[in-house]
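Order of appearance sets the numbers: ligands from 1, and atoms from 1 within every ligand.
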Amino acid sequence: MVLSGKRILLIISGGIAAYKSLDLIRRLRERGAEVRPVMTRAAQEFVTPLAVGALSASHVYVDLFSREDEQDVGHIRLARDCDLILVAPATADLMAKMAHGLADDLASAVLLATNRPVLLAPAMNPQMWANPATRRNRATLEADGRHFIGPMAGEMAESGEAGIGRMAEPLEIVSAVITILDPAPKPLAGRTAIVTSGPTHEPIDPVRYIANRSSGRQGHAIAAALAKLGADVTLVSGPVTIPDPQGVTTVHVERAEEMRDAVVSRLPADIAVMVAAVADWRVASSADQKIKKQPGEAPPPLQLTENPDILKTVGHHEQRPKIVVGFAAETQNVEANGRAKLERKGADLIVANDVSPETGIMGGTRNSVRIISHQGVEAWPDLDKDEVATRLALLIADKLAEETAP
Ligand SMILES: Cc1cc2nc3c(=O)[nH]c(=O)nc-3n(C[C@H](O)[C@H](O)[C@H](O)COP(=O)(O)O)c2cc1C
């Protein structure tokens, strides 16, 4: 497991996002980390030490002046006896105290006494985050070498206000922890992956074609994220205007049939992520020469025929990859259609998203997806496509580790 043997001191301060720390503890421990929690007095207003202690299977440290705790580990050892200190959520208040070197409670004293890397996941009202004082404190902390993940854009849990201030999601925080502890973690080293991306162009004649609005951003980001985790990635891309991702072998194709051939010829692989928006139909017999407009004649009819189903081909192939992931771009009944697709296509995961024009997802930079597996459905918040890619790559790495566990 990627965090085996790593000791994380998790400081929970008093923000509404403290409830997410419970999931964060689970996610860290699932990856082998040992989590030792410290809670501020305010944090205990939001989640109980009982819940934090039960989930972390550890004593929860709350008091600087506890004789027992001081005799047991003591705040100086607490500050040093770990591989990383993670502050999640980090309140505006705790950031201010850190920036000014205050140490009037256990959390701030530990943060002042530590010589370990510190990662902060701030969470606060957008106005608090935008306040010049908080901005100064953040700059000071960054100059002091503290690491940050987030905050992210989105809706605030308590006020519904939108803006920057939402705490990064637990898996994003885990990914940042992994990167700090081991700048080159390679849970997918030695694994091969095939990713498809972009639209396909189905020719009508040599100059005209049928296409769709896919930009390739999501597929390219996934290829890059898998490569970052150490996979040997082949990206089969339809026609896009974005650059080839780094560290990935990119094969350029135009038509669905070419894409299918390029994918199948690269099997076997450990992972297949079929993100491309493959045209369902092509023109049955595209013209060799440009179809000329004839004065007075009716427009030529377009006879369509079905294209190969690449996801289904891969999902049922005799050299089926261990993990097959499909994308389901839907404009209605997103979840029901996604579930049906999981079964029909022989996939392990379907990433379902609503691409209705009003969502702006098709061709945009953000994505709001639901992950459908045989275990159930997980709705991810609205995220940048790079963040979706990072999370998905980690999820795939976890699934593959489970699949191949002895
Ligand atoms: C309902 C409620 C929600 C709060 N949410 C946040 C928050 O998300 N971020 C933040 O910085 N402060 C938030 N605060 C304010 C902090 O709890 C307050 O500044 C406290 O002193 C922080 O203490 P600590 O930094 O020692 O944990 C909230 C307060 C209340 C009453």
Task: Check: Ile11 and Leu111 side chains under 4.5 Å, non-hydrogen atoms - done: yes

Task: Option among Lys385, Arg217, Gln218 that satisfies the side-chain hydrogen bond (donor to acceptor under 3.5 Å, both in side chains) test with Asn367 - done: Gln218

Task: Carboxylate-amine/guanidinium contact Lys20 Asp23, below 4.0 Å - done: no

Open item on the list: Side chain, backbone, both or neither: which applies to Thr40 and ligand 1 if a contact is any heavy-atom pair less than 4.0 Å apart?
Closed with: side chain

Open item on the list: Below a 4.0 angstrom heavy-atom separation, can you tell me which part of Ala92, side chain or backbone, both or neither, approaches ligand 1?
Closed with: both

Task: For ligand 1, the portion of Lys97 having any non-hydrogen atom under 4.0 Å away - done: neither

- [ ] Return yes if a side-chain donor-acceptor contact under 3.5 Å exists between Asp69 and His75, otherwise no.
- [x] no

TODO: Please could you name the atoms of ligand 1 that Ile16 approaches to less than 4.0 Å, counting only its heavy atoms?
DONE: 5 (N), 8 (O)

Task: Interfacing atoms of ligand 1 (cut-off 4.0 Å, heavy-atom, Ala42) - done: 20 (C), 22 (C), 23 (O), 27 (O)

TODO: Report the residue from His374, Lys399, Arg320 that forms a side-chain hydrogen bond (donor to acceptor under 3.5 Å, both in side chains) with Asp348.
DONE: Arg320

TODO: With the side chain counted from C-beta on, respond yes when Arg7 and Arg36 share a heavy-atom pair under 4.5 Å apart, and no when they do not.
DONE: no

Task: Numbered atoms and elements of ligand 1 in range of Met128, under 4.0 angstrom, heavy atoms - done: 10 (C), 11 (O), 12 (N)

Task: Six-ring centre of Trp380, Arg391 cation under 6.0 angstrom, axis tolerance 45° - done: yes

Open item on the list: Which of the numbered atoms in ligand 1 are under 4.0 angstrom from any heavy atom belonging to Asp93?
Closed with: 19 (O), 22 (C), 23 (O), 24 (P), 25 (O), 26 (O)

- [ ] Using a strict cut-off of 4.0 Å, indicate which atoms of ligand 1 neighbour a heavy atom of Ala123.
- [x] 7 (C), 8 (O), 9 (N), 10 (C), 11 (O)

- [ ] May I ask you to check whether Asn125 has an N/O atom sitting below 3.5 Å from an N/O atom of ligand 1?
- [x] no

Open item on the list: What I want to check is whether the side chains of Thr140 and Asn137 have a donor and an acceptor closer together than 3.5 Å.
Closed with: no

Open item on the list: I'd like to know whether ligand 1 has Ala17 as a neighbour, heavy-atom separation below 4.0 Å.
Closed with: no

Task: Which of the ligand 1 atoms, numbered from 1, are nearer than 4.0 Å to a heavy atom of Gly15 - done: 5 (N), 6 (C), 7 (C), 8 (O)

- [ ] Within a distance under 4.0 Å of any heavy atom of Ser13, pick out the atoms of ligand 1 and give their elements.
- [x] 27 (O)

Task: Donor-acceptor contact present, side-chain Ser66 to main-chain Asp63, <3.5 Å - done: no

Task: Those atoms of ligand 1 less than 4.0 Å from some heavy atom in Leu94 - done: 25 (O)

